Amino acid sequence: MSTFDAHYTPAHHFARDADRYAAWERAGLFRPRPAAERFAMILPPLNITGGLHLGHAYEHAISDAFIRHRRMLGAETLWLPGTDHAGIATQALMERQLAAEGTSRHELGRDAFLARTRAWGDMTGETIATQMRRLGMSPDWDRSTYTLDPGPARATHAAFSRLFEQGLIYRAERDTLWCTGCQTGLSDIETTETAGGRICTRCSSRIEIRSTPQWYLATTTLAASARSAFESGQLRIDPPELATEYLRWLDEMRDWCLSRQLWWGHRIPIWYGADGTAHSFGPDEAIPAGWTHDEDTLDTWFSSGLWPLATLGWPEATEDLARYYPNDLLITGSDLIFFWAIRMTMLCTHLTGTAPFKRLYLHGMIRTEHGKKMSTSFGNTIDPLDYADEFGTDALRLALCRRARPGADLSFGRTDLTGALALLKKLWSIARLTTAYGIHLAASTPPEPQEPTHPLDRWLASRLERTRALASAGFEELDLAGTTDALARFMHDDLSDLYLEARKPSLRHDPGSRATLAATLAELLLLLHPIAPYLTEQLWESLAGAGGSSQDALDAHAWPAARPGRLDPEAETDVDRLRRLLHAARSHRAKHGIPAGTMLPGHADGLECSAELLRLARLRPDDTIRDHHAAAILTCGPATLTIGTLPQDAEQPLRRSRTLRRC
RNA sequence: GGGUGAAUAGCUCAGCGGUAGAGCGCUUCCCUUACAAGGAAGAUGUCGGGGGUUCGAUCCCCUCUUCACCCA
């Protein structure tokens, strides 16, 4: 049995957390394990231009909680990570690097430029993976995919060729937004407004309108597919308000300019014959002699739009594709509804006849503590690892999950983190107390409370059942804030503030209270695990008894099942009265300036937990007090708490302070 | 310019037809041996302005104002 420090100090656990993560990975915990039910999700591919910012940590904390929850439910769970080559952003960044070295991509040549950029992307890709590991994220690293990998490259090529064959891709010359710095067209929007000096956000260059030949994708048919995916009920969108936006975008969808005058990206699979004929040969077709390859690359969002297919081996009929397509959930920012989510539903639904995911969770934007947008140009971005270093990974995740509701932006900062850390310290302290009484979590599953008979034991079991229901409902309804808040309140208000304070004297000898605490804490650790994986697992190990399966990761344990038999309205009523009377008694004490340490005489009637009430209210049992010389008579339903006077006040004229009726 | 969302305690946010809620902050008391990044008690709001519907509106409808985001 391990010993507990008096306080939980996150920094003392970093080394152990890292070991634990390595053990999870070694055990293959993040890989899907065949089961009757499946749950698949892709991670929005991370832009290789930089590391993770707080917004990523938010998205990942939500995602990881859902994934771990599904794993505990016993599903065959896939969370597939990946990175995105981010054509224009990466090329602009590399060109700035080259300019600083006094050279240019043209001096370097296309092949050398691509090799250099690829090496750079490999490096940042590694950085991102390291950051995610540090944050305790549990994607299937073995399936990690990069948009320029051979698989996605083939999928991108195949999709383009098919759309070309279907006559949906055409070449046209029309006004296009043109970035003077990157020397490329930018978007699919025809514009009749002069764009003037609007700044290209990627490279800070001037934008102007140019008329150049570009390749376009006709979107009418695809938009219809995306619309029917939603209207048929195949695809559900959270929050529902954003479904309106989704449909509006589809109504207004214009043809999509696919070509970019860049080197970095998927080269457009178009070849030109000697007579100028353009054709898109498929990935398995030989290019006839004399045909030349188009110089341009594809809009990055085209390959990103195929991501649910490209990561699973499409267009081949792979086993992964059969098992994990469509995905069950996609979690991404509401700002990407147009750029990414819709491109996926259009392309994937059109190509396969099935929407790429069953449910779309659009999260809001994370802001500074006072609601300011975070951006590199404001210089107020935050590295989530700085927060993890200061508050611990679990506190960061808990703080983020506690604010996670679909669609809503969140102002987030140190106050949230301090609160989350305080809760984890509380959990630590509860575990420490449990250990001090020699109580263990007896087995790998929580023991049945041995028919709890004490009203406080029955009450705690009842509260736990309600909390479990709320926590589960939050996961089902994508309201992680609801889940987290229910767990935090149970831990703080019910278990710690009331139960432990009231039952502490019994914990040393009463088998009922010992079993109740052991079972409750075990279940609480399981329920909190998807949100705070490191600390819950460590406490699980520390509290496991001799027969416990402390070697098993908590993810391998079952999510607590519903046990409505635990609900006990009578015990809830009784303890609720105890709570109200205790509050009233403390008010009485505060109002009359009687210190908490001073014992007063008192007695309680009509309440099962009267002994606990008297002790918590610091009243010495004395049922000789008569109404006419009581200092206060507090009532709640049939329950009455009578409080006497201080000995030295016994001869004073009697003043009944107040009588409460609350229930 | 178009669209969407938001406006509730000093701050950050829940609630959403029936006497205003939480956390943090604030005031006072307590180092009550699991927890001082703690515990207890307490103060704090014309629920953005104006109309309407209703027996009754923070909640529904209209309108105005302000802020934010996406597209222009």
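Keep in mind that what you see is a predicted model, and the values were worked out from it rather than measured. Just the heavy atoms: all of them, side chains too, but no hydrogens, waters or symmetry mates, feed the values below. Per chain, numbering begins at 1; letters A, B, ... match sequence-line order.
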ask   = For Trp249(A), which contact category applies under a 4.0 Å heavy-atom criterion: base, sugar-phosphate, or nothing?
value = sugar-phosphate
request  = Could you tell me whether Asp485(A) and Arg402(A) have a side-chain N and a carboxylate O separated by less than 4.0 Å?
outcome  = yes
Grab the N/O contacts between the protein and nucleotides 19-22 of chain B below 3.5 Å, and write none if there aren't any.
| unit_1 | atom_1 | unit_2 | atom_2 | d |
| --- | --- | --- | --- | --- |
| A22(B) | O2' | Arg489(A) | NH2 | 2.7 |

task = Please examine the side chains of Ile337(A) and Thr332(A), heavy atoms only from C-beta on, and report whether any two atoms are closer than 4.5 Å.
result = no
query = Once Watson-Crick and G-U wobble pairs under 3.5 Å are found, how is RNA chain B written in dot-bracket notation, 5' to 3', with | for any base paired to another strand?
reply = (((((((..((((....[..)))).(((((.......))))).....(((((..]....)))))))))))).
task = Hey, can you tell me if Trp428(A) and Tyr8(A) have their rings parallel, tilted or perpendicular (30° and 60° cut-offs)?
result = tilted
query = With a 4.5 Å heavy-atom cut-off, do Asp510(A) and Arg503(A) have their side chains touching?
reply = yes
remark   = Residues at least two apart in sequence or cross-chain that pass ring pair (Phe, Tyr, Trp, His ring centres under 6.0 Å) with His56(A), listed by chain then number, are His53(A)
task = Check the distance between A72(B)'s P and Glu193(A)'s CD and give it to me in whole angstrom.
result = 9 Å
task = Send over the distance from Glu252(A) CD to G3(B) P, rounded to a whole Å.
result = 9 Å
query = Starting at CG of Asp416(A) and ending at C1' of G25(B), how long is that distance when rounded to a whole Å?
reply = 14 Å
key: For Ser429(A), all residues meeting side-chain hydrogen bond (donor to acceptor under 3.5 Å, both in side chains), sequence neighbours excluded   = none
task = Take atom P in C61(B) and the same atom in C16(B), then report the distance between them in whole Å.
result = 15 Å
inquiry  = Taking any heavy-atom pair under 4.0 Å as a contact, classify Arg589(A): base, sugar-phosphate, or nothing.
reply    = nothing
ask   = Is it true that Asp576(A) and Arg580(A) have a side-chain N and a carboxylate O under 4.0 angstrom from each other?
value = yes
Contacts under 3.5 Å, N or O only, protein and nucleotides 4-8 of chain B:
| unit_1 | atom_1 | unit_2 | atom_2 | d |
| --- | --- | --- | --- | --- |
| U4(B) | O2' | Glu245(A) | OE1 | 3.4 |

note = A correct 5'-to-3' footprint of nucleotides 29-39 of chain B, with B, S and - meaning base, sugar-phosphate only and no protein heavy atom under 4.0 Å, is ---B-BBSBSS
task = Report the C-alpha separation of His13(A) and Tyr534(A) in whole Å, then their side-chain angles, then the decisive distance to 0.1 Å, and conclude whether the ring-ring contact (aromatic ring centres under 6.0 Å, His included) test is met.
result = CA-CA 9 Å; His13(A) 299 259; Tyr534(A) 288 121; 10.0 Å; no
message = Going by side-chain hydrogen bond (donor to acceptor under 3.5 Å, both in side chains), name the residues that satisfy it together with His60(A), two or more places apart in sequence or in a different chain.
response = none
query = How would you list, by chain and number, every residue that makes a side-chain contact (heavy atoms from CB on, under 4.5 Å) with Glu501(A), sequence neighbours excluded?
reply = Lys504(A), Leu616(A)
U46(B) versus A9(B) - spacing of their C1' atoms, nearest Å = 14 Å
query = Considering residues at least two apart in sequence or located in another chain, which fulfil the side-chain contact (heavy atoms from CB on, under 4.5 Å) criterion with Ala611(A)?
reply = none
task = Establish, with yes or no, whether the OP1 or OP2 oxygen of C11(B) is under 4.0 angstrom from a side-chain nitrogen or oxygen of Ser411(A).
result = no
inquiry  = I want to confirm an ordering. Mapping Gly371(A) and Leu582(A) to their closest nucleotides on RNA chain B, which one lands closer to the 5' end?
reply    = Gly371(A)
message = In whole Å, I'd like the distance from the CE atom of Met253(A) to the C1' atom of C71(B).
response = 12 Å
inquiry  = I'd like the C1' distance from U27(B) over to C62(B), given in whole Å.
reply    = 44 Å
key: Whole angstrom value for the distance that separates C1' of C71(B) from CZ of Arg343(A)   = 12 Å
inquiry  = Heavy atoms only, 4.0 Å cut-off, all strands: where does Tyr246(A) land among base, sugar-phosphate and nothing?
reply    = nothing
query = In whole angstroms, how far is the C1' atom of A68(B) from the NZ atom of Lys372(A)?
reply = 13 Å
Validation row: Leu456(A), Val575(A) side chains within 4.5 angstrom (heavy atoms) = yes
task = Mind running side chain to side chain contact (heavy atoms under 4.5 Å, CB included) on His454(A) and Glu612(A) for me, showing each step along the way?
result = CA-CA 11 Å; His454(A) 190 283; Glu612(A) 285 80 7; 2.7 Å; yes
query = Closer than 4.0 Å, any side-chain N/O of His588(A) to the OP1 or OP2 of A40(B)?
reply = no
query = Under 4.0 Å between a Lys/Arg side-chain N and an Asp/Glu carboxylate O for Arg489(A) and Asp497(A)?
reply = no
request  = Could you check which of A68(B), A14(B), C13(B) has an atom nearest any side-chain atom of Arg367(A)?
outcome  = A68(B)
ask   = With sequence neighbours excluded, what pairs up with Asp394(A) under the side-chain hydrogen bond (donor to acceptor under 3.5 Å, both in side chains) test?
value = none
query = Between Tyr387(A) and Phe391(A), what is the ring plane arrangement, given parallel below 30°, perpendicular above 60°, and tilted in between?
reply = perpendicular
task = Using atom NZ of Lys591(A) as one end and atom P of G42(B) as the other, report the distance to the nearest whole Å.
result = 7 Å
inquiry  = Checking contacts here: which listed nucleotide (C70(B), G42(B), C13(B)) is nearest the side-chain heavy atoms of Asp335(A)?
reply    = C70(B)
ask   = Roughly, in whole Å, what's the span from CZ in Phe412(A) to P in G23(B)?
value = 19 Å
query = Does NZ or CZ of Arg343(A) come closer than 6.0 Å to the centre of the six-membered ring of Phe338(A), within 45° of the ring's axis?
reply = yes
task = Using heavy atoms and a sub-4.0 Å distance, could you list which residues of residues 52-61 of chain A are near RNA chain B? By number, please.
result = none
key: Residues which pass salt bridge (charged side-chain N to carboxylate O under 4.0 Å, His left out) with Arg359(A), listed by chain and number, not counting sequence neighbours   = Asp238(A)
